[in-house]
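Data block below; observations after.
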There are 2 protein chains.
Amino acid sequence: MKARQRNARGEGGQLREDILMAAITLIEKAGSCEGVSLRAVAKQAGIAAPSVYPHFADRDALLLAVLQKLFDELVELRTKAEEAAGSGAWERLRAGVFATVRFGLERPGHYKMLYEGRVISGLSDPKAATFGRAIQIRVVALIKDILAATPGREAEDAERLSLLLWAATHGVISLQINKPTLRWPKATTLVEELMRALIRPGAAAS
Amino acid sequence: MKARQRNARGEGGQLREDILMAAITLIEKAGSCEGVSLRAVAKQAGIAAPSVYPHFADRDALLLAVLQKLFDELVELRTKAEEAAGSGAWERLRAGVFATVRFGLERPGHYKMLYEGRVISGLSDPKAATFGRAIQIRVVALIKDILAATPGREAEDAERLSLLLWAATHGVISLQINKPTLRWPKATTLVEELMRALIRPGAAAS
DNA sequence: CCTGTAAACTTAACGGATGTAAGCTAACAT
DNA sequence: ATGTTAGCTTACATCCGTTAAGTTTACAGG
């Protein structure tokens, strides 16, 4: 791991990306960001521990950057899945939710960091709180569309339904990650049942 | 903290309880069991660090004992709540679920240890996996009763519904714990809506 | 009451890991 | 040749889990 090439004059910033990637790799391997030491990240990146400091003020700043990057990644995954799902609101919503489920099950360590991580440090919390917001906004819009097209439910609170859907989805992913010894039915199927129960009650049994 | 009285001849076992209590206190204060050091537990209990070893083989054994105790506590809380709720299956189920919600919100660190904690050590996991089982078994029975009394749903899979309910409930608690900066509606209300959507669809709007 | 002994608990210490600070060296652009 | 940048080495103070050995205390038998 020590065979790292020194970067050229203007490209010291390249290392920043490498450090982030190293941290992301280790966090997934460790299952969460706790216990991932700065030294381990440095070793994974092929550099000495103090070489992190020119790029990140301290360990918290590094973890916050990782959090940001992972959220961005999830938002993009979700966006692409929605776009690939066509134009129906229901299909788009389902595709987005499924994308999150897949993300969570394939990369449980990253998912836990995003949605089960405690406040990293006092100051960084308010910033981190806004990271996932983009998703929730689009979900509310989609649910509004679905409700508007469902006779008798036009006046229901889409915001509240989105919270319920989020909670239910997160619960399925979280339990499946944290209680892996139980035998779980297919997560996407469970989530689809929850979606139908909450948003399209008429089709509960698919 | 150093004014601890030495225990009498045969009652060294008293300290075991004190250590457990100290660990439980610190885990709640720290928000999870990671980062709670054996030395900190000892200091909280008013003893020196090595005095833990006559009572617990190592740190993992201590944490496992804490896990056991916390699960027992939650099971008892839930049992009492169900018993106080009368004889209706729906009311008993709701009371039990609400008790868990209250436990989670009042003691988020303990809840996270129970339901978001990773495997403590290789060997201890299979044992720990059975800890929460008692709850789920009773929930399935209650849901069976409810379904049997609901025309048209007698044949539905109570086991699967219990998983969905568990996931949805856990999702509400977990998100509310881990995203405390968002403004959340009352958790018990959210959970009751989920319960109605899943188990009593006819009464979705209360 | 005295005393021996075993339990309850302490202090000291080891080996290692951690985050971070200072200063140094090697490479490249000018 | 020189100045700046990239990254390294060394070092610090602190904490960790754990072991070994010693000390204090409570009680039983005389």
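Here is how names work: the chains are called A, B, and so on, in the same order as the sequence lines, proteins then strands, and each is numbered from 1. Side chains are part of it too, since the values below use all heavy atoms of this structure and drop only hydrogens, waters and symmetry mates.
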Rounded off to whole Å, could you give me the CD-to-C1' distance for the B/Gln14 and C/dA7 pair?
16 Å
A quick test of your reading: do over 12 heavy atoms of other residues, nucleotides or ligands sit less than 6.0 Å from CD of A/Glu159?
no
Run the salt-bridge test on B/Lys112 and A/Glu116 with the 4.0 Å N-O cut-off and return the result as yes or no.
no
Checking all strands, does A/Pro50 fall into the base, sugar-phosphate, or nothing category for heavy-atom contacts under 4.0 angstrom?
base
To the nearest angstrom, how far is A/Asp58 atom CG from C/dT18 atom P?
16 Å
Knowing that exactly one of B/Arg138, B/Arg94, B/Arg92 qualifies, which makes a side chain to side chain donor-acceptor pair (under 3.5 Å) with B/Glu82?
B/Arg138
Looking at B/Tyr53, does any N or O in its side chain come under 4.0 Å of the phosphate oxygens OP1/OP2 on D/dT19?
no
Expected rows: protein N/O vs nucleotides 14-16 of chain D N/O, under 3.5 Å:
from   : atom 1 : to      : atom 2 : distance (Å)
D/dC16 : OP1    : B/Ser37 : OG     : 2.7

Side chain of A/Ala48: nearest nucleotide among C/dT11, D/dT9, C/dT20?
D/dT9
When rounded to whole Å, the CZ to C1' distance for the pair A/Phe56 and D/dA6 reads 15 Å
Any residue meeting ring-ring contact (aromatic ring centres under 6.0 Å, His included) with A/Phe71, in chain and number order, not counting sequence neighbours
A/Tyr115, A/Phe131
Atom-to-atom span, CG of A/Asp60 to P of C/dG19 - whole angstrom:
10 Å
Shortest side-chain distance from A/Leu15, nucleotide among C/dC9, C/dT10, D/dG7
D/dG7
Nucleotide D/dT5, atom C1' - distance to CD1 of A/Ile47 in whole Å
15 Å
Step through the shown structure and confirm whether more than 12 heavy atoms of other residues, nucleotides or ligands are within 6.0 Å of NZ on B/Lys179.
yes
Can you sort out the partners of B/Arg133 under side-chain contact (heavy atoms from CB on, under 4.5 Å), two or more places apart, ordered by chain and number?
B/Ile137
Check the distance between C/dG19's P and A/Ile19's CD1 and give it to me in whole angstrom.
14 Å
